[in-house]
Number of protein chains: 2
Amino acid sequence: MAEQARYEELIRQFSAFGAVKREVGRMMPSECPAGSAAVLILIERHGEMRMSKLSELLAVDMSVTSRHVAHVAERGWIERSPDPADRRSRILRLTPTGRALLDQLSRRTCRMLAERLSDWSDEEVAQLTALMARLRASFDDIRAHGPEPRPPAPGPAPPVLEQTTRTPATTT
Amino acid sequence: MAEQARYEELIRQFSAFGAVKREVGRMMPSECPAGSAAVLILIERHGEMRMSKLSELLAVDMSVTSRHVAHVAERGWIERSPDPADRRSRILRLTPTGRALLDQLSRRTCRMLAERLSDWSDEEVAQLTALMARLRASFDDIRAHGPEPRPPAPGPAPPVLEQTTRTPATTT
DNA sequence: TATTGTTATACTCTATAACTATA
DNA sequence: TATAGTTATAGAGTATAACAATA
């Protein structure tokens, strides 16, 4: 448990991180922006999956996932085959072309990081990676377990955040 | 200097960090989105400054800064007084209202982090903060010192990135 | 009736380019 | 002629809501 000042510093770094993200984004090929790359990376990482699963991994609304997936499918980097078990669903699979693109992207981003982080030790890189992974997990946990285990301040609790990855359908 | 696999993991975490950013963004008041908050935080942090300086700190184009600043100025959170030394410039200053808003935002975000990171030690929070600061610095350095100290691969060097924070003016 | 996925629309953040006003 | 800042326009990413097809 840290103090107020620590948290303020951390939030400031969150905000400043945008610059790093933009810098990385600038090296992406224009055909494959960051959002598309994220789709490919996750499918490579976790294997074939359905839209809903991918949405969960991306932690964005399924409508957003649908757009990204359409983009990469149009370019032949993934294929969408109907799920025989549930014909509403589609199974997403990386194509050989997609895998080749990923290899190329990986080499390119690693080369960039090797330049930028040339004075970082292997341990430091690993440490940052681990802490960022844990950060993400800490935020995920809350979403899964409920946002207010113990309201730290009196007053009305903030509205509970949706924990699905899709827009709630209006019952017609 | 780290290995390829380390860098791949790190890039993956960069991508996943978007989810954290969005979660934080969801708690911002709709009148003061993340971009506006960044402006206020930097002016509080570094004191009064000109647009160009703020652009540099935000690491975005000055046109973007101009938009954000207009937004917060319209709401009375900062004031823009003409610089007597250079009448093209404007000096940005936080107003009391702006400072009050910042206090409120700070309390709110710290409360959120305290919840999310309740099982993090003070040292861990400090470590993540320090590593993210160093990361940002490593990327900044490159922009300042030139992108290719020693081209690791033969072939044409990638186009040098602009190091100003504004769109290059076309000479009329 | 509920769920999976798609599409239409709107909003935020960003960059490029053209413009104004001062230097 | 060059610089500080503004504005217009365009593109990426996201969320909400309405919709189609299937369960």
Side-chain angles (χ1 to χ4, degrees), chain A residues 15 17-19 21-26 28-39 49-56 58-71 73-74 80-92 161-162 164-172, chain B residues 15 17-19 21-26 28-39 49-56 58-71 73-74 80-92 161-162 164-172:
Chain A
S15 172
F17 184 72
K21 276 296 266 301
R22 286 193 295 279
E23 194 82 4
V24 173
R26 268 187 271 272
M28 300 298 292
S30 62
E31 278 288 274
C32 181
S36 300
V39 165
M49 66 182 77
R50 312 198 310 176
M51 291 289 307
S52 50
K53 173 68 176 169
L54 181 56
S55 260
E56 198 186 308
L58 287 170
V60 296
D61 191 89
M62 189 144 64
S63 64
V64 177
T65 308
S66 187
R67 269 191 181 293
H68 290 324
V69 164
H71 182 93
E74 276 161 22
R80 292 182 281 193
S81 31
D83 183 346
D86 181 344
R87 277 166 29 227
R88 292 171 304 181
S89 287
R90 307 229 244 171
I91 303 292
L92 311 175
L161 295 170
E162 289 300 330
T164 63
T165 54
R166 67 162 4 277
T167 303
T170 51
T171 47
T172 336
Chain B
S15 172
F17 184 71
K21 276 295 264 302
R22 286 193 293 280
E23 194 82 4
V24 173
R26 267 187 273 272
M28 301 297 293
S30 62
E31 279 288 275
C32 181
S36 301
V39 166
M49 66 182 79
R50 312 198 309 176
M51 292 289 307
S52 50
K53 173 68 175 170
L54 181 57
S55 260
E56 198 186 308
L58 287 170
V60 295
D61 190 271
M62 189 145 63
S63 64
V64 176
T65 309
S66 187
R67 269 193 179 290
H68 289 323
V69 163
H71 181 93
E74 276 161 20
R80 292 182 282 192
S81 30
D83 183 345
D86 181 346
R87 277 170 25 230
R88 293 171 304 179
S89 286
R90 307 229 243 172
I91 304 290
L92 310 176
L161 294 171
E162 290 299 330
T164 63
T165 54
R166 64 162 7 277
T167 304
T170 52
T171 47
T172 336

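Not measured: the values here are computed from a predicted model. Below, read A as the first sequence line, B as the second, and so on, with proteins coming before strands; counting in each chain starts at 1.
Phosphate proximity of dA4(D) to R90(B): absent, as no side-chain N or O sits under 4.0 Å from OP1 or OP2. OP1 or OP2 of dT4(C) has not a single side-chain nitrogen or oxygen of R80(A) nearer than 4.0 Å. Distances shown here put every side-chain N or O of R67(B) at or beyond 4.0 Å from the OP1 or OP2 atom of dT6(D). At dT14(D), one or more side-chain N or O atoms of R22(B) fall inside 4.0 Å of OP1 or OP2 (strictly under the cut-off). Between H71(A) and dG13(D) there is no side-chain N or O to OP1 or OP2 distance below 4.0 Å.
In this structure, D86(B) reaches the sugar-phosphate backbone alone: every heavy-atom distance under 4.0 Å involves primed, P, OP1 or OP2 atoms, never a base. Contacts of S66(A) with the nucleic acid, taken as non-hydrogen atoms under 4.0 Å apart, include base atoms. If you check every strand for non-hydrogen atoms under 4.0 Å, M62(B) touches a base. Using a 4.0 Å heavy-atom criterion, one finds that A34(B) contacts the sugar-phosphate atoms exclusively.
One interatomic measurement links the two molecules: NE2 of H68(B) to P of dT7(D), which rounds to 15 Å at whole-angstrom precision. Between R50(A) atom CZ and dA23(D) atom P there is a gap of 11 Å when expressed in whole angstrom units. Atoms CE (M28(A)) and C1' (dA15(C)) sit 18 Å apart, rounded to a whole Å. Taking atom CG on D61(B) and atom P on dA4(D), their separation rounds to 13 Å, with Å as the unit. The separation between E31(B) atom CD and dT12(C) atom C1' is 14 Å, rounded to whole Å. Rounded to a whole Å, the NZ atom of K21(B) is 13 Å from the C1' atom of dT14(C). Summarising the geometry, the separation between CE on M51(A) and C1' on dT22(D) is reported as 16 Å, rounded to the nearest angstrom. Atom CG in L54(B) sits roughly 15 Å away from atom C1' in dT14(C) (whole-Å rounding).
For S63(A) and dT16(D), a side-chain-to-base donor-acceptor distance below 3.5 Å is present, hydrogens and geometry of angles not being considered. For R88(B) against dT3(D), a side-chain N or O and a base N or O form a donor-acceptor pair under 3.5 Å.
When distances run from any side-chain atom of R26(B) to the nucleotides dA15(D), dG13(D), dT9(D), the shortest one goes to dA15(D).
Here the side chains of S36(A) and M28(A) are not in contact, with every heavy-atom distance at 4.5 Å or above. Side-chain contact between R50(A) and I91(A) is present, with heavy atoms from C-beta onward closer than 4.5 Å. Side chains of K53(A) and L92(A) form no contact here, defined as non-hydrogen atoms less than 4.5 Å apart.
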**OP:** Given side chain to side chain contact (heavy atoms under 4.5 Å, CB included), test V64(B) with L58(B) step by step and report yes or no.
**Re:** CA-CA 10 Å; V64(B) 176; L58(B) 287 170; over 6 Å; no
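Projected onto DNA chain D by closest heavy-atom contact, G18(B) and T65(B) fall at different nucleotides, the more 5' of which corresponds to T65(B). Toward the 5′ end of DNA chain C lies the nearest nucleotide of A70(A), the other residue of the pair A70(A) and P33(B) mapping further downstream.
In terms of modelled atom types and a separation under 3.5 Å, the side chain of H71(B) and the main chain of E31(B) share a donor-acceptor contact.
When all heavy atoms are compared, the tightest approach of A37(B) to C32(B) is N-SG, 3.9 Å.
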